[in-house]
Amino acid sequence: MSLSALYGATLLSGLGTGVLLVMANWLLLKLYESSTIIGILTAASYFACFLALPVLSGWLDRYHRRHLLQRVYVVTGGIQLVLAGFALAGGTELILLAVSVILSVLVRMLDQMARLAIAQQLVPKARYREVSRHLEILRQGITLVSGVIVAMLIDKIALHHLLILDAATYLCGGMLLCLVQCQHQGGAATKSQSKLTELREGLSFLKQNHYFFSLMVVTLVPYVLVLSQNAIHPAHVEEVLQLDGDAYALIGVVFGVGAVAAPVLLTWIHRLGLLREKVIFAGFAGYLSASCIILFWPGFYATCIAMLLFSASHSVVRIERLAFMMEYAPVSLVGRISGVFEFIGLISVVLVTSMIGVIADQFSVNSAWAAMLVIILVGAVLFSLSCYRAQRSLITSAAGEDTEC
């Protein structure tokens, strides 16, 4: 029951936010006709996460995780209702969108870290991969359903409606969390510790586990690119495809379909017993292929195929990465360890989003896609090198043991 309630709260709380974040970019493009503004707002959102991360990750290991997440849902829902009131009163849309988007991205970051930590407490280690698939299905199911809602309402819904919808889903999700029964992990962090000290404790664990650290960092690349490319999706539809909001919404639906299909495919792949590294490499290869398709064949159907591959490949890598984290990280440190990787990811998202937004405006959208193609290629090479070095290290260790015998 606890796991089902966690899944349900995840779905409910995520739907309103998913619709809001997709619509926000489209509204900004229509109001200001600039990918740079979208890129700046996206970068500002993740920079806010960067500043808040030491606090949030420490809270996850200090306080009762379910209670913390529940209170955040309720407070966020209240704030979104206040913003809806300002929108109805004629408040400046740019300011209201900026506040709402930054808040939503902050809560979404805490939400995904808390879900992982709570799920780790609820199930035995043998089920971590299964639960990681389930969480990804939910996360990407939100993307799919949000895309369908946006496709239906893209030209028919006002900003205050979006904010009220987001508030309602947060409040419903908070109530559903009452059914989640998990113990307070306790003793992981003391109140006298500074937030940066708590984050450094997670980093200290990672320094002693080099392969885990390198694998987790490199596999952030598809995640960073998926978040960053949102800044140019509206411009790609308008400038490259020369289509309207319906096409933008439909492409979002296609992206969601690919993301939901990936965990289902992984269920079969896991039964084959393939090594995690091979599965992750397949994800990198799929993402690289999608980058080539959208860059060299810029048409509507090619874009849809690319979006399927982008979402499916990113989901595959993400599922394996999060399952690896649950298997490897101690329960008492998982909040801070997760926080370290969120910290690294956020810095990367801010930099890459700012870069591609400027490139799209100053040069072209295709130039921005080309820049991301280079990034994913470098990521694939680094991942291969990391695996090769780890294998060589194992062979060397085994040879040393044989010599001692």
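- Within the 4.5 Å cutoff, side-chain heavy atoms of Met372 are placed close to those of Trp369.
- Residues that satisfy the side-chain contact (heavy atoms from CB on, under 4.5 Å) test with Leu382, not counting sequence neighbours, are Val218, Val378.
- Nearest approach of Ser45 to Ile102, heavy atoms of both residues: OG-CG1, 3.6 Å.
- For Phe383, the ring-ring contact (aromatic ring centres under 6.0 Å, His included) partners two or more places apart in sequence, or in a different chain, are Phe284.
- Put simply, the side chain of Gln70 does not reach to within 4.5 Å of the side chain of Val75, judged on heavy atoms.
- Gly283 and Val317 get closest at one heavy-atom pair: CA-CG2, 3.8 Å.
- The line from CG of Leu220 to CD1 of Ile347 is 11.0 Å long, rounded to the nearest 0.5 Å.
- Annotation for Ala368 and Ile356: closest pair CB-O, 3.8 Å, computed over non-hydrogen atoms.
- Looking at every heavy atom in both residues, Glu239 comes nearest to Val365 through OE1-CG2, 3.6 Å.
- A distance of 7.5 Å separates OG of Ser291 from CD of Gln229, quoted to the nearest 0.5 Å.
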Let me check something: any side-chain donor-acceptor pairs from residues 293-307 under 3.5 Å, sequence neighbours excluded? List them with distances.
from   : atom 1 : to     : atom 2 : distance (Å)
Thr303 : OG1    : His236 : NE2    : 3.0
Thr303 : OG1    : Gly299 : O      : 2.7

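- Using a distance-only test at 3.5 Å, with no hydrogens or angles considered, no donor-acceptor pair links the side chain of Ser100 to the main chain of Leu97.
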**OP:** Kindly determine whether Ile375 and Met355 satisfy side-chain contact (heavy atoms from CB on, under 4.5 Å), including the steps that lead there.
**Re:** CA-CA 12 Å; Ile375 293 172; Met355 177 190 73; 3.9 Å; yes
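- The CD1 atom of Ile232 sits 9.0 Å away from atom CD1 of Ile359, with the distance rounded to the nearest 0.5 Å.
- Two residues are said to be in side-chain contact when any heavy atoms from C-beta on lie closer than 4.5 Å; Leu308 and Val257 meet this criterion.
- What you find for Cys292 and Leu373 is that their closest heavy atoms are SG-CD1, 3.9 Å.
- Residues satisfying the side-chain contact (heavy atoms from CB on, under 4.5 Å) test with Ala285, not counting sequence neighbours, are none.
- Under the rule for a side-chain contact (heavy atoms from CB on, under 4.5 Å), the partners of Thr353 that lie at least two apart in sequence or sit in another chain are Thr42, Ser228, Ala231, Val349.
- Put simply, the residue from Phe310, Phe281, Tyr223 that forms a ring-ring contact (aromatic ring centres under 6.0 Å, His included) with Tyr287 is Phe310.
- The closest donor-acceptor contact from the side chain of Ser367 to the backbone of Phe363 lies at 3.5 Å or more, if one exists at all.
- For the atom pair Leu225 CG and Ser348 OG, the distance stands at 9.5 Å (nearest 0.5 Å).
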Side-chain polar contacts of residues 158-177 - donor-acceptor pairs under 3.5 angstrom, sequence neighbours left out - could you list them?
from   : atom 1 : to     : atom 2 : distance (Å)
His161 : ND1    : Ala158 : N      : 3.3
Asp166 : OD1    : Thr17  : N      : 2.9
Asp166 : OD1    : Thr17  : OG1    : 2.9
Asp166 : OD2    : Gln80  : NE2    : 2.6
Thr169 : OG1    : Leu165 : O      : 3.3
Thr169 : OG1    : Asp166 : O      : 2.8
Tyr170 : OH     : Thr17  : OG1    : 2.9

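- Here the closest non-hydrogen pair linking Thr219 and Met216 is OG1-O, 3.1 Å.
- The shortest distance between side-chain heavy atoms of Phe255 and Val226 falls below 4.5 Å.
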